[in-house]
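I have placed the structure first, in the form of structure tokens, so that the comments after it can refer back to it.
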Amino acid sequence: MSLSPARPAAARSVAGHASRPDPEALLAWYDRHRRRLPWRAEPGRRADPYHVFLSEIMLQQTTVKAVGPYFSAFLARWPTVAHLADAPLEEVLSAWAGLGYYARARNLHACAKAVVARHGGHFPQDEAALLDLPGIGPYTAAAIAAIAFDLKASPVDGNIERVVSRLHALDEPLPKGKAAIRASAAALTPARRPGDFAQAMMDLGATICTPKSPACSLCPWMEPCVARAAGDPARYPVKAPKGEKPSRAGVAFLAVRADGAVLLRTRPDKGLLAKMTEVPSTPWGPQPEAPEEHAPLKARWRLLPGAVEHVFTHFALTLRVLRADLPMSAAAPAGHRWVAPEGFDAEALPSVMRKVLAQGGIE
DNA sequence: GAGCCGTGGAT
DNA sequence: TATCCAAGGCT
């Protein structure tokens, strides 16, 4: 790719030519408007690498608002990476329940163990070594390197993709166009305050350069922005069209014992909701299956009114719920267990299963 | 490279 | 209601 020749930072636009975006202008904006977030250090200081790591994993495809309470809870329960490494995986999964993308929780735990085993409990100050850790990909490795250690790294998340593609009017559809965006982002990154620069880019994307109707008049880079000059910044980033989302259906078996305990089991080690807790059900397929042969135990099953609707990343699920009330003498079948509602918080119950329980009036 | 992997809020 | 999307990574 070709870069425009370097010009003094103070250069102003010549007729028809936008000036080069000035990193210092963005940093000055950041110093005035930076968001206060639980995982961020005070201005002028570096954040704890463990805090940066924990927040970055939680923030993958997840909103700041959703992460807040989970971040606080994890930090209170496991104050250091060594504490997290020593925790049982089941406890980490139950603490993560509700946040989604559960492979992150399994990798978070594996990563904590690896940091202790490989690096003596300290995160390596090296992008390549960070990238080698489980659950840490190109974005997160660069983010930790930049934010925790102020190394000259260029994380590219959804915010930065948007900012950079607009800045240069890069219109090659994603994901193919990501290479050019990454190169542009790297070229923009200054040697001074690279960590603040990365966070400034993300804050800019989150608050000014938003997906729809961006607030260009408030943007420190309004003048050099090519998309803004062209009049339609919201067109960027251009994305490849996505396919249809299929539907699946199933029937869940809500067995309730006389004392209120519910029959639960743990999902398989791999695939959707791996190792999470579930209410037993038929397989989820394109067409609902006959429930009889899938019931966990013999009982008088009654169909509850309504259905549970839940949308996963790549399919939509409709779950009808059968309920049966069992006596105290009912034994849990192999692989199943009775769990009282008071014990739900200690279970790794994903949201879809909370919905199933709620359908039976249980919570 | 493309499919898999959650959830909830905004528009 | 439908669609998008939010600090992506793994296989």
Side-chain angles (χ1 to χ4, degrees), chain A residues 35 37-40 47 51-71 93 96-108 110-111 130-148 153-163 173-179 182 185 195 197-207 209-213 234 237 239-248 267-268 270-276 278 284 308-317 348-355:
Chain A
R35 291 182 293 170
L37 300 171
W39 41 88
R40 276 193 177 163
H51 298 186
V52 177
F53 159 70
L54 183 59
S55 66
E56 288 299 342
I57 300 298
M58 288 183 167
L59 285 163
Q60 288 169 6
Q61 300 292 286
T62 308
T63 58
V64 165
K65 182 182 176 184
V67 165
Y70 285 86
F71 178 79
L93 287 177
W96 194 278
L99 199 54
Y101 281 141
Y102 299 100
R104 292 185 297 172
R106 288 178 265 124
N107 287 331
L108 178 85
C111 186
L130 287 164
L131 187 58
D132 201 42
L133 265 6
I136 295 184
Y139 163 77
T140 305
I144 295 174
I147 298 170
S154 302
V156 177
D157 71 333
N159 288 305
I160 297 178
E161 278 179 358
R162 193 165 55 250
V163 169
L174 297 178
K176 203 165 188 290
K178 187 152 185 170
R182 271 206 256 258
F197 182 77
Q199 295 177 90
M201 294 270 274
M202 291 188 251
D203 274 18
L204 187 69
T207 63
C209 196
T210 52
K212 298 167 189 174
S213 46
K239 299 193 175 181
K242 29 188 104 171
E244 301 280 296
K245 184 167 292 189
S247 298
R248 293 188 199 173
R267 289 179 61 87
K270 297 186 175 186
L272 186 72
L273 304 174
K275 297 185 182 178
M276 301 296 285
E278 72 172 352
W284 305 341
V308 169
E309 302 284 351
H310 191 81
V311 181
F312 292 99
T313 308
H314 55 293
F315 69 92
L317 177 66
L349 276 169
S351 292
V352 62
M353 292 303 154
R354 291 276 186 181
K355 288 186 186 177

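In this text, all values refer to a predicted model and were calculated from it rather than measured experimentally. We name chains A, B, ... by the order of the sequence lines, and we start the count at 1 in each one. Computed from heavy atoms alone, side chains included, the values below leave out hydrogens, waters and symmetry copies.
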Residue mapping more 5' on DNA chain C - nearest nucleotide basis, A:Val64 or A:Pro134: A:Val64
Sugar-phosphate, base or nothing in reach of A:Pro175, heavy atoms under 4.0 Å: nothing
Sugar-phosphate only, base, or nothing, as touched by A:Trp96 at under 4.0 Å among non-hydrogen atoms: nothing
Distance-only side-chain donor-acceptor flag, A:Arg104 / A:Thr62, under 3.5 Å: yes
Rounded C1' spacing from C:dA6 to B:dC5 in Å: 15 Å
Sugar-phosphate only, base, or nothing, as touched by A:Leu37 at under 4.0 Å among non-hydrogen atoms: base
N or O in side chain of A:His314 less than 4.0 angstrom from B:dC5 OP1/OP2: yes
Ion pair A:Asp157/A:Arg162, N-O distance below 4.0 Å: no
Verdict with reasoning, A:Arg35 to A:Gln199, per side chain to side chain donor-acceptor pair (under 3.5 Å): CA-CA 9 Å; A:Arg35 291 182 293 170; A:Gln199 295 177 90; over 6 Å; no
For atom CD of A:Glu56 and atom P of C:dA6, their distance in whole Å: 15 Å
4.5 Å side-chain heavy-atom contact, A:Phe53 and A:Trp39: no
Inter-nucleotide P distance (C:dG9, B:dG8), Å rounded: 22 Å
Heavy-atom protein contacts under 4.0 Å, nucleotides 6-11 of chain B, coded B base, S sugar-phosphate only, - none: BBS---
Spacing between A:Leu174 atom CG and C:dG8 atom C1', to the nearest angstrom: 13 Å
Atom-pair distance (NZ on A:Lys270; C1' on B:dC5), nearest Å: 15 Å
Flag for A:His314-A:Lys245: side-chain donor and acceptor within less than 3.5 Å: no
Short side-chain N/O contact from A:Lys239 to OP1 or OP2 of C:dC5, under 4.0 Å: yes
A:Asp203 CG to C:dA6 C1', straight-line distance once rounded to whole Å: 14 Å
Crowding at NZ, A:Lys176 (>12 non-hydrogen neighbours, <6.0 Å): no
Value in whole Å for how far the P atom of C:dG9 lies from CG of A:Leu131: 9 Å
A:Met276 CE - B:dC4 C1' separation (whole Å): 17 Å
Heavy-atom check, side chain of A:Ile57 versus side chain of A:Asn107, under 4.5 Å: no
Touch class at under 4.0 angstrom, heavy-atom based, for A:Ser55 against every strand present: nothing
Touch class at under 4.0 angstrom, heavy-atom based, for A:Arg354 against every strand present: nothing
Between C:dC10 (C1') and A:Ile57 (CD1): distance, integer Å: 13 Å
For atom CG of A:Asp157 and atom C1' of C:dC5, their distance in whole Å: 12 Å
For A:Glu161, side-chain contact (heavy atoms from CB on, under 4.5 Å) partners two or more places apart: A:Val156, A:Leu174, A:Lys178, A:Ile181
